[in-house]
Undergrad: 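Handing you this structure, nothing more for now.
Along the sequence shown, residues are numbered consecutively beginning with 1.
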Amino acid sequence: CEDDERYYRHDRRSERHAGLPALETGVAYFDAEKAQEFRDMVAEKRTELDDVCNMFISGADTNGNGVLDKEEARAWAVENGKEAKVEALFQHLDENNDDKISEAELKAFFNKAYDQALEIINAKFPQ
């Protein structure tokens, strides 16, 4: 999931592609073949999403309750050199504002990013 995070910066203030300016710009260099390769990559990533998100949550969930709280997220972030990103992580992923990130919230975040990316690609290269 970490690689996908680089390409998607979710902005809750806007529902339309606010976080995908690099893709919107990059589509100018796509052709129909590259667009299909992108669609195929997204389909593959979606099949891996359950496992990847489960591994992330279970790897950082030190108390074993199935969710990440801010303390666990900070500990993970320190170990991975991303301390400054914890608040942003919770702002973008904690949909119900309970100061915890569930596997479902993590998957929903990435599925929404994938949907928005495909919307951009399909607008330029309809199937």
Undergrad: Can you name the residues that form a side chain to side chain contact (heavy atoms under 4.5 Å, CB included) with E71, not counting sequence neighbours?
TA: D69
Undergrad: What's the shortest heavy-atom distance between V42 and Y114, and which atoms?
TA: CG1-CB, 3.8 Å
Undergrad: Within the distance-only criterion (no hydrogens, no angle test), does the side chain of E105 pair as donor or acceptor with the backbone N or O of D94 below 3.5 angstrom?
TA: no
Undergrad: Going by side chain to side chain contact (heavy atoms under 4.5 Å, CB included), name the residues that satisfy it together with A77, two or more places apart in sequence or in a different chain.
TA: K82, V86
Undergrad: List for me each residue that meets side chain to side chain donor-acceptor pair (under 3.5 Å) alongside N65, sequence neighbours excluded, and say none if there are none.
TA: none
Undergrad: For S58, give me all partners under side chain to side chain donor-acceptor pair (under 3.5 Å), at least two apart in sequence or on another chain.
TA: none
Undergrad: When hydrophobic residues are tied together by side-chain contacts of less than 4.5 Å, even through go-betweens, does V67 share a cluster with L49?
TA: no
Undergrad: Applying salt bridge (charged side-chain N to carboxylate O under 4.0 Å, His left out), run through E87 and K70 and close with a yes or a no.
TA: CA-CA 8 Å; E87 290 302 320; K70 286 187 178 181; 3.3 Å; yes
Undergrad: I need the minimum non-hydrogen distance between F125 and A32, along with the two atoms involved.
TA: CE2-N, 3.6 Å
Undergrad: Between E72 and A60, what is the shortest heavy-atom contact and its length?
TA: CB-O, 3.5 Å
Undergrad: For V78, what residues pass the side chain to side chain contact (heavy atoms under 4.5 Å, CB included) criterion, not counting sequence neighbours?
TA: E83
Undergrad: Only counting residues at least two apart or in another chain, list the ones meeting side chain to side chain contact (heavy atoms under 4.5 Å, CB included) with D50.
TA: K107
Undergrad: With rounding to the nearest 0.5 Å, note down the distance linking CZ in F56 to CD in E103.
TA: 11.0 Å
Undergrad: Kindly compute the distance separating CD1 (I121) from CD (Q36), expressed to the nearest 0.5 Å.
TA: 10.5 Å
Undergrad: Compare all side-chain heavy atoms of T62 with those of W76 and state whether any distance is below 4.5 angstrom.
TA: no
Undergrad: First locate atom CD1 of I57, then atom OG of S102, and finally report the distance between them rounded to the nearest 0.5 Å.
TA: 7.0 Å
Undergrad: Looking at side-chain heavy atoms only, is the closest gap between R39 and Q127 below 4.5 Å?
TA: yes
Undergrad: For K34, which residues count as a salt bridge (Lys or Arg N to Asp or Glu O under 4.0 Å) partner, sequence neighbours excluded?
TA: E37
Undergrad: Please name the pair of heavy atoms, one in F109 and one in L93, separated by the smallest distance, quoted to 0.1 Å.
TA: CG-CD2, 3.0 Å
Undergrad: Taking salt bridge (Lys or Arg N to Asp or Glu O under 4.0 Å) as the test, write out the residues that go with D98, two or more places apart.
TA: none
Undergrad: Please enumerate all residues that pass salt bridge (Lys or Arg N to Asp or Glu O under 4.0 Å) together with R46, with sequence neighbours excluded.
TA: D115
Undergrad: Find out if a path of hydrophobic residues (ILVMFWY) with successive side-chain heavy-atom gaps under 4.5 Å connects L68 to M55.
TA: no
